[in-house]
Every structure is written in structure tokens, then in C-alpha cells.
A.B. asks: 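One structure, as C-alpha cells, below. Some questions next.
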Amino acid sequence: MQKILDAILSGALEEVGRLPVPESYRGVTLHADETAMFEGMESRDKDPHRSLHLDEVATPEPAAGEVLVAVMASGINHNTVWSSIFEPMPTFGFLARYGRTSPQASRHDLPYHVLGSDLAGVVLRCGAGVAGWRPGDEVVAHCLSVELDHPDGHADTMLDPEQRIWGFETNFGGLAELALVKANQLMPRPRHLSWEESAASGLVHSTAYRQLVSPAGARMKQGDTVLIWGASGGLGSYATQLALNGGAIPVCVVSSPWKAEICRRMGADLVIDRSAEGYRFWRDEHTQDPKEWRRFGARIRELTGGDDPDIVFEHPGRETFGASVYVARRGGTIVTCASTSGYEHTFDNRYLWMHLKRIVGSHFANYREAWEANRLVARGRIHPTLSEVVPLKDTAQAVYDVHHNRHQGKVGVLCLAPTEGLGVHDPETRARHESAINRFRKA
């Protein structure tokens, strides 16, 4: 592994394909025999330190259409949080179901699960039939793993019945020194960014792009008012940038003064600190409070000069969904994914049906959408929202922090990269965007 890393760090990328691939590598794993460890506990009390391990695991051989990547950096996403606390179910069920689909897929059904749905790295080996990539290519990966054997996936790969999220519903993910991906997950790495910055955007940016911009999502247009929950978080920070870049007006909802400042650094003028303003959308565990919906809607109109949101960018789920349906304008769109506060959504349907609103479900992105999102990063129109970076050995603590919402933007993980700041090939472009690249970092 050290020879591979030395070649990458020295820029001798043409050598990478000729170096031997190690028989094993370090990866962040779950163990199948530990899935019951949190039974009977509340979600908030489940500790990823107990369930996540840094193990030495066997290196998989890339099969047809697959690529083995040396992972320089990765990132933490909510799907790794869910995996680590075995919610809504242990991921080993996903691996078993995938393993039954084909002999090639059966390699994923193991007693351990290597997690992670982001990466930036260098191609080491290509399986049969891979023509678009070669060893030595610097890449980032999006997390859509799809078989495309069914006609439903050929208009939009997200509709394929065998569509999965790599590193969550498949094995050999990116929180590791090596990772196995399909060739059609790869995209060129932005040349003005470091390894850890390059790895920050894949899952959350592509998800936000489909949710807001794509014809499959909210079809955002210039001048739209867009309410963005968690606007300084992993998803929300990219939604805010996409709204601003696309000529829309974001109304950013956050939970602290520091997070409000982050939104203003991105260029957003309309910010609601929901903690400071004391919104409580639930009276108790079973009863929502429509008075709070109305108070929240009035605050939005106060900021916008009387406009209700054309689009509500929804991902908290249970806690906020009733309010989201209420505040969207007549004929507006609530576009939803993730449900990080709970999957069971309750809302007053009168405000949906009588006001002709739409709820649109959105899940990750197809290859075209992910490619377009990555191109915006490469062109300096959208910037990574990296707030902190940890070494691979500290992944469990980073997952714990995301689980308890102690972060903003994205938390990066150094896998093979020994330090931050490596891998920048276009310092001139970087210099033009330096302040935007670093705006999520605390001074």
C-alpha cells in the first residue's frame, strides 16, 4: 500500500497500474454478529463507537464493469450514521438480497460491511469491459450502483429495480484505503481541490441537485423562493448554493447563530434561526401545533416581502413535514428525501389538496445528474462545504458527531492521504475561490 501511496503523492500516476495490489486493506466496518447490540435503546443513545470497527479486510478483485480505487479521502453521510446504529434495519439484509441477484453480486454478502458512500482517489485496476477509465486516473465517485438489466432503469436509472446506494446497500465502500465501484460511478476529480475537498460533494450535492434542479425533482427556476431546512448541513449547504447559483431566493432555516453566519457567508440574505425564535411544531409526541405552522409561515412572508415558498427542500422528515406542507405556496412543491428525524410524516391534507400542492419524493441522482453536479464543482460554481477533517481511525467519532448534529456542512475523512491540502493541480483557479472553499471552516 505504501508504494501505491508514494506513487500517487509523487505524481507518478503512470506507475500505479504496474504496482501490485495488496491482498488486504483497512476499512471501516460493521460486523453481522453485532446487529442486536442496540436492541431496546432509543436512537439518540446508540453509540457508533461500539458498532464501527477499523478492520483489515480482503481486497476484492474487480469483475466486469468494475474498478478498484485507491481511496485518498472520503466523507461522512447520514447513511453511515443509520448503518452504524442498525436503523431502520441492519444493512446485512441489503447485502444478502443483493448477493442473491448474481454470482458477481454474491461477493458483497459477507459477515462484515465496509461502509462509505463518498470517495476521491486513483484508479488502480479495471475489470473486463471498462473502456472509459484506466489506472492512474484521478476520480471521484457518486454512490449510485445500478445493474441496468431491467427496462425501467433506462429512462432514469434511479427507477431501476436493482438500484442501490454503494457503501450502504452494497459492500466495499469508500471509508477505507481501497474501494470497489462500478465504472459508471466515476467522474473526473476537480483539479483545484484537495483530496478531502474533492470527496466532500458526491452524495449530498448530487442528491440536492436532483431534488431541486432536475426535471425529476422540483424543477427550480430563476426567481423561485426556496425554503431550505438545515441550510448549513450536508444536504442543505448544497441546496443553498444551487438556489443562489440558479437565480432562486433561498430562505435558510438553521439552528444556531454560527450556522446562520455560514449561510450568510454563502450569500444567503434570508435566514431563520429556529432555535432562537423558539419554533415547536409538536405539542407532544403525538400532536402537532398548527399555530406554530402559521407563526413560521408569517415569519417567512416577513422575510420575503409577502411570498410563500415555491419549493420546500425537505429532509428532516417527521419533525418538520407538517409545517413544510402548510407553508408552501398554493401550487407549490414539497420535495423530500432522507427523513433524518423520522420516516412517518403527518400533515393536514387540506393544505395539500385544496391548495393544489405537490409532494415529490427524491432519492440520490442518476449518473447524468451526478455528472452535472460534479461539473459545477469543477467549474467553481458550487464549492465543497467541508467543515472538518479526521483520519480514518477517528471515523467512529465523526459519525457520532453527525448523529448528534454537532457538525455543519460535511465532515471529511483522510483514508490514504497522510495530511490535508494535498492533490491540488490548479492553484490559479483555487486562488480565485479560496475564501468560498474555506467558508465552512471555523476561524
A.B. asks: Does Met158 offer a backbone N or O that forms a donor-acceptor pair with the side chain of Asn366 under 3.5 Å?
C.D. replies: no

A.B. asks: For Arg274, is there an ion pair with Glu277 - N to carboxylate O distance below 4.0 angstrom?
C.D. replies: no

A.B. asks: Would you sort out whether Glu196 and Leu386 count as a side chain to side chain contact (heavy atoms under 4.5 Å, CB included), showing the intermediate values?
C.D. replies: CA-CA 8 Å; Glu196 64 277 6; Leu386 199 65; 3.6 Å; yes

A.B. asks: Assess the residue pair Ile8 and Val16 against the criterion (side chain to side chain contact (heavy atoms under 4.5 Å, CB included)); give the C-alpha distance rounded to whole Å, side-chain angles, the decisive distance to 0.1 Å, and a yes or no.
C.D. replies: CA-CA 7 Å; Ile8 294 171; Val16 168; 4.1 Å; yes

A.B. asks: Decide yes or no for Val424 and Leu193: does some side-chain heavy atom of the first lie under 4.5 Å from some side-chain heavy atom of the second?
C.D. replies: no

A.B. asks: Between Arg441 and Glu197, is there a side-chain N and carboxylate O pair less than 4.0 Å apart?
C.D. replies: no

A.B. asks: What about the rings of Phe94 and Phe168, do their centers lie closer together than 6.0 Å?
C.D. replies: yes

A.B. asks: Atom OG1 in Thr320, atom CH2 in Trp293: separation rounded to 0.5 Å?
C.D. replies: 11.5 Å

A.B. asks: Can a salt bridge be assigned to the pair Glu66 and Arg107 using a cut-off of 4.0 Å between side-chain N and carboxylate O?
C.D. replies: yes

A.B. asks: Do Val251 and Val226 pass the side chain to side chain contact (heavy atoms under 4.5 Å, CB included) test, and can you show the C-alpha distance, the side-chain angles, and the key distance before you say yes or no?
C.D. replies: CA-CA 6 Å; Val251 180; Val226 183; over 6 Å; no

A.B. asks: Does the side chain of Val411 come within less than 4.5 Å of Asp401's, by heavy atoms?
C.D. replies: no

A.B. asks: Please step through salt bridge (charged side-chain N to carboxylate O under 4.0 Å, His left out) for the pair Asp118 and Lys410, ending with a clear verdict.
C.D. replies: CA-CA 11 Å; Asp118 282 324; Lys410 282 298 295 288; 2.9 Å; yes

A.B. asks: Any salt bridge linking Glu177 with Arg26? Criterion: basic side-chain nitrogen under 4.0 Å from a carboxylate oxygen.
C.D. replies: yes

A.B. asks: Should Arg97 and Arg100 count as side-chain neighbours, where that means a heavy-atom distance under 4.5 Å?
C.D. replies: yes

A.B. asks: According to the interplanar angle, ranging from 0 to 90°, do the rings of His113 and Phe92 count as parallel (below 30°), tilted (30 to 60°) or perpendicular (above 60°)?
C.D. replies: perpendicular

A.B. asks: Please check this pair: side chain of Trp195 against backbone of Leu414, looking for a donor-acceptor N/O pair closer than 3.5 Å.
C.D. replies: no

A.B. asks: Pairs under 3.5 angstrom only: tabulate donor-acceptor contacts from the side chains of residues 333-340 to other protein residues two or more places apart or in another chain.
C.D. replies:
unit_1, atom_1, unit_2, atom_2, d
Thr333, OG1, Arg358, NE, 3.4
Thr333, OG1, Arg358, NH2, 2.9
Ser339, OG, His345, NE2, 2.8

A.B. asks: With rounding to the nearest 0.5 Å, note down the distance linking CD in Gln241 to OG in Ser201.
C.D. replies: 8.0 Å

A.B. asks: Among side-chain atoms of Asp284 and Thr287, is any donor-acceptor pair under 3.5 angstrom?
C.D. replies: yes

A.B. asks: Does Val413 offer a backbone N or O that forms a donor-acceptor pair with the side chain of Ser74 under 3.5 Å?
C.D. replies: no

A.B. asks: Please check if the side chain of Tyr367 supplies one atom and the backbone of Leu186 the other of a donor-acceptor pair under 3.5 Å.
C.D. replies: yes

A.B. asks: Between the main-chain N or O of Gly361 and the side-chain N or O of Gln211, is there a donor-acceptor pair closer than 3.5 Å?
C.D. replies: no

A.B. asks: For a 4.5 angstrom cut-off between non-hydrogen side-chain atoms, does Gln408 reach Val254?
C.D. replies: no

A.B. asks: Does Gln288 form a side chain to side chain contact (heavy atoms under 4.5 Å, CB included) with Arg283? I'd like the steps, not just the answer.
C.D. replies: CA-CA 6 Å; Gln288 295 192 68; Arg283 292 171 181 161; over 6 Å; no

A.B. asks: Please determine which of Arg191, Arg430, Glu138 meets the side-chain hydrogen bond (donor to acceptor under 3.5 Å, both in side chains) test together with His425.
C.D. replies: Glu138

A.B. asks: Scan residues 227-239 for pairs that pass salt bridge (Lys or Arg N to Asp or Glu O under 4.0 Å), counting only residues two or more places apart or in two chains.
C.D. replies: none

A.B. asks: Carefully, step by step, assess Asp55 and Thr29 under the rule side-chain hydrogen bond (donor to acceptor under 3.5 Å, both in side chains).
C.D. replies: CA-CA 7 Å; Asp55 288 334; Thr29 68; 2.6 Å; yes

A.B. asks: For a salt bridge (charged side-chain N to carboxylate O under 4.0 Å, His left out) check, start with the C-alpha distance between Glu292 and Arg280, then their side-chain angles and the critical distance, and finish with the verdict.
C.D. replies: CA-CA 6 Å; Glu292 286 291 271; Arg280 297 291 182 268; over 6 Å; no

A.B. asks: I need the Leu124 CG to Thr59 OG1 distance, nearest 0.5 Å.
C.D. replies: 9.5 Å

A.B. asks: Under the ring-ring contact (aromatic ring centres under 6.0 Å, His included) test, which residues partner Phe296, sequence neighbours left out?
C.D. replies: Trp229, Tyr279, Phe281

A.B. asks: Is the backbone of His142 close enough, under 3.5 Å, to the side chain of Gln185 for a donor and an acceptor to pair up by distance?
C.D. replies: yes

A.B. asks: Has Ser275 got a side-chain atom pairing as donor or acceptor with Ser256's backbone, closer than 3.5 angstrom?
C.D. replies: no

A.B. asks: What I want to find out is whether Arg368 reaches Glu372 closely enough, with some N-O distance under 4.0 Å, to be called a salt bridge.
C.D. replies: yes

A.B. asks: Does any part of the side chain of Leu178, heavy atoms only, come nearer than 4.5 Å to the side chain of Val71, both counted from C-beta?
C.D. replies: no

A.B. asks: Any chance you could lay out the salt bridge (charged side-chain N to carboxylate O under 4.0 Å, His left out) test for Arg210 and Asp156, step after step, and finish with the verdict?
C.D. replies: CA-CA 12 Å; Arg210 181 181 175 101; Asp156 178 359; 2.7 Å; yes

A.B. asks: Starting at CG of Leu235, measure out to CG of Leu203 and round the result to the nearest 0.5 Å.
C.D. replies: 7.5 Å

A.B. asks: Where the side chain of His205 meets the backbone of Pro384, is there a donor-acceptor pair that is under 3.5 Å apart?
C.D. replies: no

A.B. asks: Per the salt bridge (Lys or Arg N to Asp or Glu O under 4.0 Å) rule, what does the pair list look like for residues 30-50, sequence neighbours excluded?
C.D. replies: Lys46-Glu87

A.B. asks: Is Glu162 salt-bridged to Arg164, going by a charged N under 4.0 Å from an acidic O?
C.D. replies: yes

A.B. asks: Could you measure the distance from the NE2 atom of His383 to the OG atom of Ser237? Nearest 0.5 Å is fine.
C.D. replies: 12.0 Å

A.B. asks: Partners of His108 by ring-ring contact (aromatic ring centres under 6.0 Å, His included), sequence neighbours excluded?
C.D. replies: Tyr98, Phe172

A.B. asks: Answer yes or no: is there a donor N or O on one side and an acceptor on the other, between the side chain of Thr429 and the main chain of Asp426, under 3.5 Å?
C.D. replies: no

A.B. asks: Is there a side-chain contact between Leu119 and Trp166, using heavy atoms and a 4.5 Å cut-off?
C.D. replies: yes

A.B. asks: State, with a plain yes or no, whether a side-chain heavy atom of Tyr209 is found less than 4.5 Å away from one of Ser362.
C.D. replies: no

A.B. asks: Which residue is it: Thr395, Leu30, Val402, Leu115? I am looking for the one with a side-chain contact (heavy atoms from CB on, under 4.5 Å) to Thr80.
C.D. replies: Leu115

A.B. asks: Within this structure, what is the CZ-CD1 distance for the pair Arg375 and Ile382, rounded to the nearest 0.5 Å?
C.D. replies: 12.5 Å

A.B. asks: Is it true that Arg189 and Asp137 have a side-chain N and a carboxylate O under 4.0 angstrom from each other?
C.D. replies: no

A.B. asks: Would the distance check show the side chain of Asn438 and the main-chain N or O of Glu434 forming a donor-acceptor pair, the cut-off being under 3.5 Å?
C.D. replies: yes

A.B. asks: Going by the salt bridge (Lys or Arg N to Asp or Glu O under 4.0 Å) test, which pairs reach into residues 384-397, not counting sequence neighbours?
C.D. replies: none

A.B. asks: Relative to each other, are the rings of Tyr400 and His49 parallel, tilted or perpendicular (30° and 60° limits)?
C.D. replies: tilted

